[in-house]
Amino acid sequence: MGATGGIREMPHMTEGPGTTDSEALATLHRVFGYEAFRGEQAAVIEHVVAGGDAVVLMPTGGGKSLCYQIPSLVRPGTGVVVSPLIALMQDQVDALRALGVRAGFINSTQDFDERRTVEAEFLAGELDLLYLAPERLRVAATLDLLSRGKISVFAIDEAHCVSQWGHDFRPDYLALSLLGERWPDVPRIALTATATHATHEEITQRLGMPTARHFVASFDRPNIQYRIVPKADPKKQLLAFLREEHPGDAGIVYCLSRNSVERTAEFLSANGIEAVPYHAGLDAGTRAAHQSRFLREEGLVVVATIAFGMGIDKPDVRFVAHLDLPKSVEGYYQETGRAGRDGLPSTAWMAYGLNDVIQQRKLIQSGEGDEAFRRRAAAHLDAMLALCETAQCRRGQLLAYFGQEPSAAGCGNCDTCLTPPETWDGTVAAQKVLSTVVRLQRERGQKFGAVQIVDILLGKRSAKVIQFDHDQLSVFGIGEELTDGEWRGVVRQLLAQGLLAVEGEYGTLVLTEASGSVLRRERDVPLRKEPKKPATSRSGSSRGERKAKAAAAELPGELVPAFEALRAWRAEQAREQGVPAYVIFHDATLREIVIRRPGSVRELGTVGGVGEKKLATYGRGCWRC
């Protein structure tokens, strides 16, 4: 998480029990400019300040960073933060220094003199927080350095990286149990935004934290609208979505391959939407430049593989789009969670189709790892497919996956709640698809993919149908009651339900153990009805409804000029200092300023997000705006 990610800009927060007049609460107000903790923050901080270990699961934007920043400031010594986000450490440190926190980092991007300076500051007790990449802890010199200083707390950020079944496994995290062995009296706090119960247990075991207290916040992000649309022409669907709902907004578009990333970025740029690519195949300088632009500019779209995004602390990301199916619900949740960190309305949008299912199944079969690994990957994919195919509330399905109780009434802010899909009895259609696969295998000894199966059912005399005499099969033309798109939807849902499987390099379809129960009429097959014309972008609320929701967060018209003046002042400050604009102030702080209209610098200091350091640094200039 970013350095200031512990505070989501909210004017009103609920005070936690036992925090009144405490040193932690005083530090929150003095440094971060807020009057009270929210949710589990107070309990976590109190426990760690008292010397206890903690495992913390909170959603992106839920306040995790604060849970180790405050203890690091309150306890004697330096808080050591283990983070895999080398490319973001400079921004994390800059953001903390802007708050008056003495922060530094040690990683491979520094030269000898820079590293020696930070080491000297640590040994002299002149740092409140020190960021380290996990691989640094495998270097004897780093361990020797830490042993010669005073450490207040160890924070292990992005702790899901320790899980070998997780979506972002990092081998260096496996060695972090040595922290508890070598410094048994220093409290440790492990934090992540995404973990199932199994991953949660694995984090605890692998980090050697058996006595840690566990804090699990709600995974719900009610400001994010989840939407999944049938994939037709995905790049054009994406373009329409951005033009109609998010013109000029910053956002992230995820694609599975590097080629798709490049093509999509070029397509958006050619159609008037400023977009840059980001993937591991680009040189380090280009990746760093594109990431820096995304953090510092407003309205830029980054098209990326999953190599981008972890730790990005940009609060005004208004959308996250997926043009390919994520491999797991954990990955999907973490990626979509990068939208709307400021609590304002945002969208998680995905285009999803049959080829996504086939491609992911093939990747699992052909990927590295033993049979147990492939089974686990298949289980992750099954859960993701269930989310895509559900006719129930998507948010409810997400919460249930992470072991939390969803609302029985639905969330009212996902596509299946806003426009409930129709379902139908697809048993006969399923039998026709499975029978076609059976006929090809038993009568001809052949296996084919979805296109050939659908052509046979529709009675299409395509070149391949004629080549293999498939128009002579008894099942030829028995499916004319459905369209091509509807049959593809049936095949996709049969794959999702485990009634069909993908086999081999060419993605041919084969039966599963469960197929027989359908062919014997022992099992019904309910299916989602495919739209006659796949929605270009919106499958939930109308454009007007979305505009109305966004307008609820907007300022009255007469206050907009003052707000824009503050944004312009903030942009100038950010350019002069070479930092992202949100390091100066978040939008929510500027909104509160124009609404409350403080009459003095002292009154400005009561605005949420204006701590002592920022008041001293920016108070005069900001107030005069």
Side-chain angles (χ1 to χ4, degrees), residues 228 230 325 329 352-358 360-362 364-365 371 374-394 396-397 400-401 406 408 416 420-444 446-458 473-504 507-531:
I228 300 176
L325 182 71
V329 175
Y352 158 76
L354 172 60
N355 286 341
D356 290 312
V357 186
I358 294 173
Q360 289 286 11
R361 294 284 193 211
K362 285 167 59 180
I364 290 172
Q365 287 186 1
E371 185 59 32
R374 283 193 288 272
R375 281 199 302 270
R376 193 61 171 263
H380 281 308
L381 179 59
D382 288 343
M384 190 66 224
L385 293 174
L387 176 65
C388 292
E389 299 293 357
T390 184
Q392 307 303 314
C393 172
R394 293 202 200 277
Q397 186 124 346
Y401 181 83
T416 53
E422 296 182 60
T423 58
W424 61 292
D425 183 356
T427 307
V428 172
Q431 289 170 339
K432 290 181 178 181
V433 172
L434 299 178
S435 294
T436 303
V437 174
V438 169
R439 293 287 185 277
L440 286 170
Q441 288 180 311
R442 292 183 181 174
E443 296 179 12
R444 303 293 183 86
Q446 298 170 339
K447 297 176 184 178
F448 283 87
V451 173
Q452 187 77 348
I453 302 297
V454 171
D455 282 350
I456 292 170
L457 288 167
L458 289 172
L473 291 169
S474 61
V475 292
F476 183 76
I478 65 170
E480 294 179 344
E481 74 277 10
L482 298 181
T483 66
D484 182 281
E486 288 169 333
W487 276 119
R488 289 177 66 82
V490 172
V491 173
R492 187 192 73 235
Q493 294 184 67
L494 293 180
L495 284 165
Q497 293 184 31
L499 296 172
L500 271 179
V502 176
E503 183 178 271
T508 56
L509 300 181
V510 296
L511 301 187
T512 68
E513 291 183 6
S515 303
S517 61
V518 177
L519 289 168
R520 293 190 299 269
R521 302 183 182 181
E522 298 170 355
R523 170 177 172 175
D524 293 334
V525 184
L527 299 174
R528 283 172 58 112
K529 186 169 287 187
E530 296 295 305

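The shown structure was predicted, so the numbers you read here are calculated from the model rather than taken from an experiment.
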Side chains of [X] and [Y], heavy atoms from C-beta outward: is any pair under 4.5 Å?
X: L500; Y: V510; result: no
X: Q446; Y: Q452; result: no
X: Q397; Y: R394; result: no
X: I358; Y: R492; result: no
X: R523; Y: L499; result: yes
X: L381; Y: L325; result: yes

Quick one: closest heavy-atom pair of V433 and V491, and the distance?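 Looking at all heavy atoms of both residues, the closest pair is CG1-CG2, 4.2 Å.
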Within the side chain of R528, is there an N or O that forms a donor-acceptor pair under 3.5 Å with the backbone of T390?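 Yes; at least one donor-acceptor contact below 3.5 Å.
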Short question: side chain of R361, backbone of L495 - any donor-acceptor pair under 3.5 Å? yes
Just wondering, more than 12 heavy atoms not from E422 lying within 6.0 Å of its CD?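 Not buried by this count: 12 neighbours or fewer within 6.0 Å.
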Residues, nucleotides or ligands: over 12 heavy atoms within 6.0 Å of Q441 CD: yes
Please enumerate all residues that pass salt bridge (Lys or Arg N to Asp or Glu O under 4.0 Å) together with D524, with sequence neighbours excluded.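 Per chain and number, D524 pairs via salt bridge (Lys or Arg N to Asp or Glu O under 4.0 Å) with no residue.
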Please enumerate all residues that pass side-chain contact (heavy atoms from CB on, under 4.5 Å) together with E513, with sequence neighbours excluded. none
